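Remember, it's a predicted structure, so these values are computed and weren't measured experimentally. In the text below, chain A, chain B and the rest are named by the order of the sequence lines, each starting its count at 1.
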There are 2 protein chains.
Amino acid sequence: MTKTKKLTINDIATKANVSTATVSRYLNGQLNQMSATTASKLKKIIKETAYIRNSAAVQLAKQKSNLVAVVASNIDEYFSSEYFKGVVSILSAQGYIGVLFDSNSDEITESNLLESVYNQNFAGLILQPLSTQHHLIDKFTNNHIPVVLIDRDIGNGDISTVTTNNFQVTKFAMESFLGKGFKKVTIITEPVNRISTRVERIAGVRSVFNHAQLIEVDTDHLNLSELSDDLDIKNPTHLLFVLKERLLIQLLANTDLLHEPKTQQRLTGFIDTNIPKYLAPTYKFIQQSPYLMGATAAELLMTQFSEQQPTDIKQIVIPSHFE
Amino acid sequence: MTKTKKLTINDIATKANVSTATVSRYLNGQLNQMSATTASKLKKIIKETAYIRNSAAVQLAKQKSNLVAVVASNIDEYFSSEYFKGVVSILSAQGYIGVLFDSNSDEITESNLLESVYNQNFAGLILQPLSTQHHLIDKFTNNHIPVVLIDRDIGNGDISTVTTNNFQVTKFAMESFLGKGFKKVTIITEPVNRISTRVERIAGVRSVFNHAQLIEVDTDHLNLSELSDDLDIKNPTHLLFVLKERLLIQLLANTDLLHEPKTQQRLTGFIDTNIPKYLAPTYKFIQQSPYLMGATAAELLMTQFSEQQPTDIKQIVIPSHFE
DNA sequence: TTGTAAGCGTTATCAT
DNA sequence: ATGATAACGCTTACAA
């Protein structure tokens with residue numbers, strides 16, 4: 001309950017009988033620029049007084065912020081929180097702080113959020129884009145704020161991107177089902193819009209089953225009975241391919257669908273958690289590596305911090321697995 | 001592609017032929033302290049130049065940060081991301097930024113995180129505590145950094161807290177099952193330790209079924225067959241009460257358990273998402289209101305910001321519902 | 001190895 | 001209604 005008045009670097013300097021410059025050097029790890037005795041004296045005093053720097057002052061003097069904005073398209077998805085953890089793991093090791101924002105699957109919200117993020121002096125931006133509008137991002141890049149896109153591409157070669165092999169892994173899975181005798185595929189997804197991940201996955205399906213039909217639904221208002229005609233459950237050579245885990249779980253929960261044929265998997269898709277595995281332990285699904293994707297995006301961002309020239313743009317693909 | 005050199009308040013002042021003081025007043029909304037013409041001139045110039053304040057300088061001058069740390073016990077839980085959204089909804093309306101940290105269900109991590117958060121000059125802390133150690137928090141309160149606990153209590157009356165009615169709602173649910181003829185209850189949970197939510201829920205069960213047995217398991221390594229003796233499925237008057245959604249889903253996925261009796265619900269617990277509802281549409285579960293809890297915690301924090309005296313400590317309970 | 005002092009961009013007090 | 005200017009706490013040449 002010691003009443004603590006805010007300590008400054010000056011107080012420390014006085015106590016140690018050195019100048020503020022020396023204290024500052026110590027705080028910034030320039031130990032080679034001072035005697036061992038000075039260093040240990042400072043170490044002791046700083047520990048005793050529990051002094052901490054005023055980070056606003058540090059940032060003002062150093063002319064750089066240590067805040068990185070991470071704008072997720074929808075935090076409710078486990079995918080988002082998982083790649084956020086990957087981002088943070090890299091950032092915090094370098095003294096940066098990751099700040100999570102949620103576009104909530106809404107382009108208007110995303111636009112407002114980016115505007116507000118821009119106004120808050122962040123050092124960098126990691127964005128899982130909803131809109132394909134380049135100009136939302138231009139503001140950042142024009143002002144030399146590094147940007148990395150994650151999960152989705154917006155067809156702008158000027159920006160570093162971390163995605164997964166949506167097309168390839170889907171194609172691979174489809175070939176496996178083709179080999180098992182499946183003749184027909186129905187893709188179930190939220191509205192495709194121009195979301196690159198969805199477009200690529202659909203292309204992956206159609207590269208094998210070129211007449212695969214597409215059903216767009218709304219996760220929150222899914223009505224299974226309405227769909228039942230399209231689902232065509234009785235046909236044992238008909239595969240359902242679901243692009244979103246929540247949707248997949250709802251279908252898996254329909255035990256008729258899950259257990260009638262018993263012998264053959266007739267339902268698969270992209271998953272984020274192991275909940276689908278609880279429901280169907282023998283099934284194979286497509287799993288991404290969101291944590292790794294986040295960590296990679298953060299690393300890409302860090303390299304851009306250390307560069308003078310805003311070059312070195314990279315497009316990295318983190319593979320997903322069908323298993 | 002305009003090459004933008006960082007604009008300062010000085011540049012704006014020069015362009016407008018006024019002093020920096022006037023610009024600063026404008027930026028801070030003191031419009032009554034200047035002529036309408038000056039104000040509109042500034043408005044125009046600021047818009048044209050897309051000038052934004054350097055927030056480090058603002059914070060240094062105003063002597064306050066706009067960052068609030070939100071330390072969740074485990075981001076993987078939907079509960080956490082949901083209350084975080086509630087927190088952010090309130091904070092951002094007041095110009096504060098919520099920063100999410102993850103203790104990852106580990107007390108050591110929590111302790112390190114709090115230390116690091118403390119060193120980063122946050123304006124406030126919203127904590128879902130893992131440890132019941134008061135001293136981790138004392139550092140903050142001693143330095144007049146407001147703290148609000150969420151979800152869990154650590155038995156410290158000096159700190160504002162937002163929790164739910166764990167005991168009451170559990171008791172209510174149990175009475176309902178008692179009325180339906182259940183004779184025996186088994187509680188399935190992760191290790192209780194001293195986590196207040198778990199303790200209270202168990203007490204709620206035992207206030208009705210005083211001999212309810214307790215099974216502590218590890219979510220990640222749940223082995224259903226090992227448990228089967230304890231689960232005692234064949235007994236139609238035996239209720240399973242599960243404290244954690246992920247665990248509940250695993251049990252619900254066991255279709256024998258779910259569908260054998262068909263007529264009567266034999267499994268319930270606390271849920272965070274509507275996935276259990278997909279799996280068992282007719283079942284009743286206990287649902288919390290994490291978003292509201294987060295928003296409430298943030299409001300509590302804000303009141304502490306505006307106070308001089310660190311009094312006005314409140315313990316708020318947001319009820320959960322069995323339905 | 002250490003010190004001096006001029007910034008960093010904004011706010012807020014005191015004048016006018 | 002507006003301006004001049006001293007803080008705010010730290011970093012970093014430049015000196016010594």
Side-chain angles (χ1 to χ4, degrees), chain A residues 4-43 45-46 49-67 95 118-123 143-145, chain B residues 4-43 45-46 49-67 95 119-123 143-144:
Chain A
T4 21
K5 218 173 244 165
K6 268 289 176 221
L7 284 174
T8 73
I9 200 176
N10 232 304
D11 301 323
I12 305 300
T14 308
K15 279 193 209 297
N17 261 316
V18 298
S19 72
T20 60
T22 301
V23 180
S24 176
R25 289 191 194 102
Y26 175 83
L27 291 170
N28 288 287
Q30 273 110 268
L31 299 185
N32 55 330
Q33 297 184 41
M34 71 191 66
S35 72
T37 37
T38 310
S40 68
K41 183 167 50 174
L42 286 172
K43 178 173 183 176
I45 293 180
I46 288 173
T49 58
Y51 163 76
I52 60 173
R53 301 226 261 313
N54 178 319
S55 70
V58 174
Q59 289 176 197
L60 180 56
K62 288 192 173 170
Q63 293 282 66
K64 59 177 227 177
S65 144
N66 64 341
L67 255 35
Y118 176 75
N119 290 331
Q120 313 250 19
N121 306 97
F122 283 85
N143 287 291
H144 313 103
I145 300 174
Chain B
T4 22
K5 218 173 246 165
K6 269 290 175 218
L7 285 173
T8 73
I9 201 175
N10 233 305
D11 301 321
I12 305 300
T14 308
K15 280 193 210 294
N17 260 315
V18 298
S19 72
T20 61
T22 302
V23 179
S24 177
R25 288 190 194 101
Y26 175 84
L27 292 170
N28 288 287
Q30 275 109 272
L31 299 185
N32 56 329
Q33 298 184 43
M34 72 192 66
S35 73
T37 38
T38 310
S40 69
K41 185 167 50 174
L42 285 173
K43 177 174 185 176
I45 293 179
I46 288 173
T49 57
Y51 161 76
I52 59 173
R53 302 226 258 317
N54 179 319
S55 69
V58 175
Q59 288 176 196
L60 180 57
K62 287 193 173 171
Q63 294 281 66
K64 59 178 229 175
S65 143
N66 64 342
L67 255 35
N119 290 331
Q120 312 251 16
N121 305 98
F122 282 86
N143 288 290
H144 313 102

Problem set entry | Candidates C:dT2, C:dT10, C:dC8 - which lies nearest the side chain of B:Ala57 | C:dT10
For this session: Kindly point out which of D:dA13, D:dG9, D:dG3 is positioned nearest to the side chain of A:Arg25?
Result: D:dA13
Problem set entry | Non-hydrogen side-chain atoms of B:Thr8 and B:Asn54 separated by less than 4.5 Å | no
Exercise. When you match A:Thr38 and B:Ile9 each to their closest nucleotide on DNA chain C, which lands nearer the 5' end?
Worked result: A:Thr38
Exercise. Does the side chain of A:Ile9 reach to within under 4.5 Å of the side chain of A:Leu27, using non-hydrogen atoms?
Worked result: yes
Seminar exercise, completed: Which of D:dT11, D:dC10, D:dG3 is nearest the side chain of A:Thr8? It is D:dC10
Exercise. Does a nitrogen or oxygen in the side chain of B:Asn10 sit under 4.0 Å from OP1 or OP2 of C:dT10?
Worked result: no
Exercise. Which whole-number value in Å describes the distance from B:Leu42 CG to D:dG3 P?
Worked result: 10 Å
For this session: Would you mind reporting whether A:Ile45 and A:Tyr26 have side-chain heavy atoms less than 4.5 Å apart?
Result: no
For this session: Give one of base, sugar-phosphate or nothing for A:Asn17, where a contact means two heavy atoms less than 4.0 Å apart.
Result: sugar-phosphate
For this session: Give a yes/no answer on whether the side chain of B:Tyr51 brings an N or O atom under 4.0 Å of OP1 or OP2 in C:dG9.
Result: no
Exercise. Any idea which of C:dG9, C:dT2, D:dC10 is nearest the A:Thr22 side chain?
Worked result: C:dT2
For this session: Return the nearest nucleotide to the side chain of B:Ser19; candidates are C:dT10, C:dC8, D:dG3.
Result: D:dG3
Exercise. Looking only at side-chain N and O atoms, does B:Ser24 come under 4.0 Å of OP1 or OP2 in C:dT11?
Worked result: yes
For this session: In whole angstrom, give the distance that lies between atom CG of B:Leu60 and atom P of D:dC8.
Result: 9 Å
For this session: Report the nucleotide, chosen from D:dG9, C:dT2, C:dT10, that has the shortest atom-to-atom distance to any side-chain atom of B:Gln63.
Result: D:dG9
Exercise. Starting at NZ of B:Lys41 and ending at C1' of D:dT2, how long is that distance when rounded to a whole Å?
Worked result: 11 Å
Problem set entry | Nearest-nucleotide pick for B:Ala21, side chain only, options being D:dG3, C:dT11, C:dT10 | D:dG3
Exercise. What's the closest nucleotide to the B:Ser35 side chain, out of C:dA5, D:dA1, C:dT11?
Worked result: D:dA1
Problem set entry | 5'-most by nearest nucleotide on DNA chain D - B:Met34 or A:Ala56 | B:Met34
For this session: Would you mind reading off the distance between B:Lys62 atom NZ and C:dT11 atom P, rounded to a whole angstrom?
Result: 6 Å
Problem set entry | Nucleotide of C:dG9, D:dA4, D:dT11 approaching A:Arg53 most closely (side-chain heavy atoms) | D:dT11
Seminar exercise, completed: When rounded to whole Å, the CG to C1' distance for the pair A:Asn54 and D:dG9 reads 6 Å
